[in-house]
Amino acid sequence: LPYLILTVIFSFATFFILNNANWMWGDDVEWLTTTAIGKIEPMSNHAGPAGRFWPLGHYDFNILTFIKGGNTPLAHYILITISFLILGASSTILYKHIIKDSQATDKYRNWIIVFCVSFLVLKVYPLFIAVAFPERIISVLLTIFILSYYCFLKTDKLIYSIITLFSAIYISYCKEPISIVIFIFALTNILFGYKTLTKNQKILHFLLCFNLIVFTVLYYFIVYRNVSSFYYQQPAFNSMSYISIFIKVLRSHKILILIYLLFVLRVYSFFIMHDRKSLFYDSMLFSGILYSVILIFLKLHFSHYYFPIIVLCMPSLICYSLQLFKIPLDLFKSVRMRKLVCLNKRREEIVLIVLFISFVTILFYSIKYVKANQRTRIECYSGTAQFVDYISNGYELIWYRNPLQEKSPLSSIIDWKRDIISEFIDYNLPKPDKFKFGTISSLNADNKNTVILYSTYNNADTKIKESFDSLIYSNRFALLKSFGDINVYGYKE
């Protein structure tokens, strides 16, 4: 029954990954100019601008260029589905080992596994319902990295060390801070568990540390020397304080509160009490915390950045949750302590109840997210079709851009959105000519075949908003439709 429930959850999740598969306005524009038209995406696309260096973040999509029909949105989401199922299978195997090591009884073991896996996959589900997030492949490879590392510690087999090393290297080039995370993971084991490592395990850990050196050298010569402004210095990030970012992150991922509390407890036990029997779990916990600190320090507050932390720290949460009430029975004789002993005996039931409540909560969160995502996919499809229809019927599309925008800090965002819409229209037009928006200067007395696209980001500037309202009023335009933050205006009789 537990695994049947897990299968049903994966089936529904897979269905909504594939349902209404479509490109969505935003970062999906990257695929419209590469794999969606059969071109391989070069690594250089993610190496250089604004200090970014993640050449392998979307590189796995290139495999679709060798497959017939691989240029469709559905093909891209099928690839995402495969990675989603790999994450689920790897997590199930990993958690099965962890819970078995905790000596959980057979009566509860399968239920604990199922609720842990379900919680994880539903929590990170937003990464798999869109093509844009490199955290998707990071989360998948992190799970493989942890599982193969665990097997390598248990067996010392070469094949597991190769898988561990390969996944670690690949992850490092999917997002900049991950290489530091891998380094801390390896360094923790070297510093505090060196004597317990075999020769092969020592070699692997030193190679994982060396990986950071290689990454840093490449980053310095390819990116750092040539960058004038960094990504995290943009107004969307730099305008927020560290406290507001920290609060926002905790609101988005309440499980991080538990992770931070566990971190405090383990730091005390690890450094004060010298309890280092669970170094495997502590190294993951410490590296996950470091990852969150780096992201907050860089003011990267968007929710999707933090999903890999949950993947990293879930094994530690599971392990220490099952150990939480493990009290030596012969130490306590008082009535009060007997109650603690009773809790000790029922610790698995307590963990199971907490997991079930967490699972139900995250399930409702996922349903809400799926509804919003499906609506966005449909609106994007209909919006693009509407623009193409306008052009086919002889309408001129004008992107509203006021001269005052040159001095606006939001000008780059607004221009980026204009370029996105242009690429989407161009991708869907049944002609080879490159689409270009018209300009406000082309407006004349007869504007019946004119449509104006207006980014609501302009409303942040009162003068630009007033100028636009005056233009709309004088030309008798009215709001026809809205797509996200884009309003579409046309002639009104």
Is a side-chain donor-acceptor pair under 3.5 Å present for [Y] with [X]?
| X | Y | answer |
| --- | --- | --- |
| Tyr454 | Asn459 | yes |
| Tyr260 | Ser292 | yes |
| Ser241 | Ser244 | yes |
| Asn211 | Ser172 | yes |
| Glu30 | Asn45 | no |
| Gln374 | Asn20 | yes |

Has [X] got more than 12 heavy atoms of other residues, nucleotides or ligands less than 6.0 Å from its [atom1]?
| X | atom1 | value |
| --- | --- | --- |
| Tyr381 | OH | no |
| Tyr365 | OH | yes |
| Ile162 | CD1 | yes |

Presence of salt bridge, [Y] and [X], under 4.0 angstrom:
| X | Y | value |
| --- | --- | --- |
| Lys436 | Asp426 | no |
| Glu423 | Arg418 | no |
| Arg377 | Asp28 | no |

Open item on the list: Can you give me the closest heavy-atom contact between Tyr305 and Pro308, atom names plus distance?
Closed with: O-CD, 3.5 Å

TODO: Over all heavy atoms of both residues, which pair between Phe307 and Ser139 is shortest? Give the atoms and the distance, please.
DONE: C-OG, 4.5 Å

Please confirm whether the ring centroid of [X] lies under 6.0 Å from the ring centroid of [Y].
| X | Y | value |
| --- | --- | --- |
| Phe128 | Phe84 | yes |
| Phe302 | Phe237 | yes |
| Phe166 | Phe145 | no |
| Tyr369 | Tyr125 | no |

Task: Row check, Tyr306 ring normal vs Arg251 NZ/CZ: under 6.0 Å, within 45° - done: no

- [ ] Please confirm whether Lys371 makes a cation-pi placement over Phe16, using NZ or CZ under 6.0 Å from the six-membered ring centre and within 45° of the ring normal.
- [x] no

- [ ] Report the C-alpha distance between Phe61 and Trp31 in whole Å, list the side-chain angles of each, state the deciding distance to 0.1 Å, and finish with yes or no for ring pair (Phe, Tyr, Trp, His ring centres under 6.0 Å).
- [x] CA-CA 9 Å; Phe61 286 106; Trp31 286 269; 5.4 Å; yes

Open item on the list: Does Asn402 form a side chain to side chain donor-acceptor pair (under 3.5 Å) with Tyr400? I'd like the steps, not just the answer.
Closed with: CA-CA 7 Å; Asn402 192 292; Tyr400 180 80; 3.0 Å; yes

Open item on the list: Once ring pair (Phe, Tyr, Trp, His ring centres under 6.0 Å) is applied, do any residues pair with Tyr232, and if so which ones, sequence neighbours excluded?
Closed with: Phe230

Open item on the list: My understanding is that only residues two or more places apart in sequence, or in another chain, count here; which of them pass ring pair (Phe, Tyr, Trp, His ring centres under 6.0 Å) with His46?
Closed with: Trp54, His58

TODO: With the side chain counted from C-beta on, respond yes when Val114 and Leu355 share a heavy-atom pair under 4.5 Å apart, and no when they do not.
DONE: no

Parallel, tilted or perpendicular: rings of [Y] and [X] (30°, 60°):
| X | Y | value |
| --- | --- | --- |
| Phe359 | Phe356 | tilted |
| Phe437 | Trp399 | tilted |
| Tyr320 | Tyr281 | perpendicular |
| Tyr390 | Tyr395 | tilted |

Task: side chain to side chain donor-acceptor pair (under 3.5 Å) partners of Tyr242, counting only residues at least two apart - done: none

